[in-house]
Amino acid sequence: MLRYGQQVTEAGRRRLPRRFYERDTLVVARELLGKRLRHGEVVLGITEVEAYCGPDDSASHSRMGRTQRNAPMWGPGGRAYVYLCYGLHQMLNIVTEREGRGAAVLIRACEPVAGLETIRARRRGLSGPEALAGPGRVAAALGIDRSFNDHPLYRAGGVELLDGPPPQQVLVGPRVGIDYATPSDCRRPWRFALAGSRWVSRPRAGLRAG
DNA sequence: TCTACGATCTTT
DNA sequence: AAGATCGTAGAT
């Protein structure tokens, strides 16, 4: 039975508690696959992510220490870090670990679960994988921009992260678009995707069972 | 101030 | 293959 005041969510799924996020970034990244992102009537299932593991990770925005842009990354886990890329695209990250760690997980692709009409409107009529495969596309479909910086995903209202079916098989591979990082960090298999999903961004080459 | 460029996407 | 488009970070 639902208690008074408890929110009814898509398919009865529950918001994840703060402690879900305050763990090792690679563990959280993997477990984010299959979880639901909800914003109003739009519900997406996460199909692809990348882990950015703090200032020692030369691919991470936190590599240069705390700045105005990356400030949300240094906060406690469970909040959003949204930044503008190439002057055009909003990138949604989920902050992980404890306050001061500077780690986050980039949401790279999702599949639609609910609100397809809204998604289609926001994506200019697109509804196949080209609508949600790619980090800029995910934020656009969810209706998220930088005003959602620091937004807590474990609280009711706005954007929420809900439980979802655990992934069956996971693919791993090197992260995309980080040629500025050291060669060893470029090679780290910190990109995770749901095996067999059509809703995975390019390039798909380099993803292997893991 | 000035400059270079980016965890990308769309169109040609 | 190249253009869009602008905030950020580091240099001046």
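As a basis for the values below, the full set of heavy atoms in this structure was taken, side chains included, without hydrogen atoms, waters or symmetry mates. Reminder, nothing fancy here: chain letters follow the sequence lines and each chain counts from 1.
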What's the [atom1]-[atom2] distance between [X] and [N], to the nearest Å?
X        : N     : atom1 : atom2 : result
A:Gln90  : C:dC6 : CD    : C1'   : 11 Å
A:Arg63  : C:dA9 : CZ    : C1'   : 10 Å
A:His61  : C:dT8 : NE2   : C1'   : 10 Å
A:His89  : C:dG3 : NE2   : C1'   : 11 Å
A:Leu106 : B:dG6 : CG    : P     : 16 Å
A:Ile94  : B:dA7 : CD1   : C1'   : 15 Å
A:Leu132 : B:dC9 : CG    : C1'   : 14 Å
A:Leu92  : B:dC9 : CG    : P     : 13 Å

(request) In whole angstrom, give me the gap between the C1' atoms of C:dA2 and B:dC5. (result)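 My reading of the C1' atoms in C:dA2 and B:dC5 gives 16 Å.
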(request) Could you give the distance separating B:dA7 and C:dA1 at their P atoms, to the nearest angstrom? (result) 23 Å
If you compare every side-chain N and O of [X] against the phosphate oxygens of [N] (OP1, OP2), does one of them come in below 4.0 Å?
X        : N      : value
A:Arg202 : B:dT8  : no
A:Tyr86  : B:dC5  : no
A:Arg123 : B:dT10 : yes
A:Thr67  : C:dT8  : no
A:Arg191 : B:dA7  : no
A:Arg124 : B:dC9  : no

(request) Cation-pi check, A:Arg79 to A:Tyr81: give yes when NZ or CZ is under 6.0 Å from the six-membered ring centre and within 45° of the ring axis, no otherwise. (result)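 Output no; distance or angle outside limits.
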(message) Check for me whether A:Arg30 meets the cation-pi criterion with A:Phe192, that is, NZ or CZ under 6.0 Å from the six-membered ring centre and within 45 degrees of the ring axis.
(response)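 Judged by the rule, A:Arg30 and A:Phe192 form no cation-pi pair.
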(message) Suppose we define a pair by two distances each less than 3.5 Å, Watson-Crick or G-U wobble; what does C:dT12 pair with here?
(response)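 Check on C:dT12: unpaired, no WC or wobble geometry under 3.5 Å.
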(request) Just name whichever nucleotide pairs with B:dT8, Watson-Crick or G-U, keeping both distances under 3.5 Å, else none. (result) C:dA4
(request) State whether the number of non-hydrogen atoms from other residues, nucleotides or ligands found under 6.0 Å of A:Arg101 atom CZ is greater than 12. (result)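 Not buried by this count: 12 neighbours or fewer within 6.0 Å.
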(message) Quick test of the criterion, 5.5 Å between centres and less than 30° between planes. Is A:Tyr52 stacked on B:dA7 or not?
(response) yes
(request) Could you tell me whether a side-chain N or O of A:Asp185 sits under 3.5 Å from a main-chain N or O of A:Thr182, the two making a donor and an acceptor? (result) no
(message) Looking at A:Arg202 and A:Ala133, would you say the former's side chain and the latter's main chain have a donor-acceptor pair under 3.5 Å?
(response)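 Side chain of A:Arg202 to backbone of A:Ala133, a donor-acceptor pair under 3.5 Å: no, none is there.
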(message) Rounded to the nearest 0.5 Å, what separates atom CG in A:Asp145 from atom CD in A:Gln90?
(response) 5.0 Å
(request) Indicate, with a heavy-atom threshold strictly under 4.0 Å, whether A:Arg69 touches base, sugar-phosphate, or nothing. (result) sugar-phosphate
(request) Hey, which sits more toward the 5' end of DNA chain C by its nearest nucleotide, A:Leu88 or A:Asn70? (result) A:Leu88
(message) I want to confirm an ordering. Mapping A:Val176 and A:Glu130 to their closest nucleotides on DNA chain B, which one lands closer to the 5' end?
(response) A:Val176
